Amino acid sequence: MATAILLSALAMTAIVAFRYLAFSGLFAWLTSRVRPALYSGLEPQIRREILWSLTSAFIYGAPAGLVAWGWQEKGWTRIYSDVGEQPLWWLPVSVLVYLLLHDTWFYWTHRWMHWPRLFRAAHAVHHASRPPTAWAAMSFHPIEAVTGAVVIPLLVFLIPIHYGALLVVLTVMTVMGVTNHMGWELFPRFLVDGRAGAWLITASHHHRHHQQYGCNYGLYFRFWDRLCGTDQGLGSFDPSRARPRRGEPSLGSAGGGIERDAAGAA
């Protein structure tokens, strides 16, 4: 049994790593075509982002492998393959429920990561990407990676979901994680500036978090940011306008400067 679990964990680690390299590589290539000089001079940062992300791939893959084994061998989870097991309307609703719960978990753990000690110990790794690139989506310290890796595995033990709907959730998670960090806006302005953009998070919203830190903590939706007064609107991709507010760190340092922000960002 232990061997089977280990093999499942290794297989899921390989899948997570390949998914990261494929999606981040695709959007990095797209960036090179659409914004050719955007990542110029960021090669050392990108290498760090890839190294941290591949480390995170194991942390995400291990619990996913245990879940996959438990689903297939023991029937432990609420994942189902027969579409008729639940009402058809539950297919799209389950995707929305998972995304809402994931977003809630992310918002509050993300704010927790801005607690000064945790920021210095872990979250500063992610914020060292200034500006973030398409390769930064999984660039986490292991402590932070654990907080992100457990939520979906926990949900599949509690809330029924078809494996196809689960794949949709994981795809949305991956695509938004990459595109929110790639340094330019992929989605059309009518969506970003319209009614949908008032509630959905895209790169324009998350980029401001990487500029100012103490705001815009959400992942998919702006609900919690709006409710808690941490929504500061959309950011600018113009470096000349991307200056932290008074009391926030400068763009250059991932060490002492970044650490000073944590006190005001919690």
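Quick note: numbers below take in every heavy atom, side chains included, and nothing from hydrogens, waters or symmetry partners. Small disclaimer: the values here were computed from a predicted structure and weren't measured.
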Hey, is the main chain of [Y] close enough, under 3.5 Å, to the side chain of [X] for a donor-acceptor pair?
X    : Y    : answer
T109 : F106 : yes
S94  : I161 : no
S8   : G65  : yes
S32  : W29  : yes
D103 : L99  : no
E185 : S204 : yes
R78  : F157 : no
Q211 : S236 : yes
Y107 : L219 : no

With side-chain hydrogen bond (donor to acceptor under 3.5 Å, both in side chains) as the test, would you mind laying out the steps for T133 and Q45 before giving the verdict? CA-CA 9 Å; T133 76; Q45 174 185 305; 4.8 Å; no
Just how far is it from atom [atom1] of [X] to atom [atom2] of [Y], taken to the nearest 0.5 Å?
X    : Y    : atom1 : atom2 : result
R35  : L30  : CZ    : CG    : 9.5 Å
T77  : L166 : OG1   : CG    : 9.0 Å
R48  : L42  : CZ    : CG    : 9.5 Å
T179 : L186 : OG1   : CG    : 6.0 Å

With sequence neighbours excluded, give me every side-chain hydrogen bond (donor to acceptor under 3.5 Å, both in side chains) pair touching residues 50-73. Y20-S53
Of all heavy-atom pairs between [X] and [Y], which one has the smallest distance, and what is that distance?
X    : Y    : value
A145 : F140 : N-CB, 4.0 Å
M182 : Y39  : O-OH, 2.7 Å
G218 : I201 : C-CD1, 3.3 Å
H206 : N216 : ND1-O, 4.2 Å
A165 : L91  : CB-O, 4.1 Å
C228 : R111 : CB-NH1, 3.8 Å

Decide yes or no for [X] and [Y]: does some side-chain heavy atom of the first lie under 4.5 Å from some side-chain heavy atom of the second?
X    : Y    : result
R208 : L234 : no
V95  : Y98  : no
L101 : I159 : yes
L38  : F237 : no
I46  : E43  : no
W115 : M113 : no
E144 : L118 : no
H123 : H114 : yes

For [X], look at atom [atom1] and say whether over 12 heavy atoms of other residues, nucleotides or ligands are found less than 6.0 Å away.
X    : atom1 : value
W90  : CH2   : yes
L158 : CG    : yes
R195 : CZ    : no

CA sep, side-chain torsions, deciding dist, call: H126, H110, ring-ring contact (aromatic ring centres under 6.0 Å, His included): CA-CA 11 Å; H126 187 65; H110 192 185; 7.5 Å; no
Taking the six-membered ring for Trp, is the centroid-to-centroid distance between H127 and H210 below 6.0 Å? yes
Taking the ring of H181 and the ring of H207, is the distance between their centroids below 6.0 Å? no
Distance under 6.0 Å and angle within 45° of the ring axis: does R226 meet both against W199? yes
Under the criterion side-chain hydrogen bond (donor to acceptor under 3.5 Å, both in side chains), I'd like the reasoning laid out for D231 against H205: C-alpha separation, chi angles, the key distance, then a yes or no. CA-CA 9 Å; D231 195 307; H205 188 268; 3.2 Å; yes
Check step by step if side-chain hydrogen bond (donor to acceptor under 3.5 Å, both in side chains) holds for H102 and Y220. CA-CA 9 Å; H102 187 199; Y220 307 122; 2.9 Å; yes
I would like to know whether H162 and V83 meet side-chain contact (heavy atoms from CB on, under 4.5 Å); could you show each step before the answer? CA-CA 7 Å; H162 187 270; V83 175; 3.5 Å; yes
Does the pair W105 and L155 meet the rule for a side-chain contact (heavy atoms from CB on, under 4.5 Å), with working shown? CA-CA 11 Å; W105 176 271; L155 288 177; over 6 Å; no
Are M173 and V93 connected in a single hydrophobic cluster, I mean Ile/Leu/Val/Met/Phe/Trp/Tyr linked by side-chain heavy atoms less than 4.5 Å apart? yes
If Ile, Leu, Val, Met, Phe, Trp and Tyr residues are connected whenever their side-chain heavy atoms lie under 4.5 Å apart, and connections chain through other members, are W112 and I143 in the same group? yes
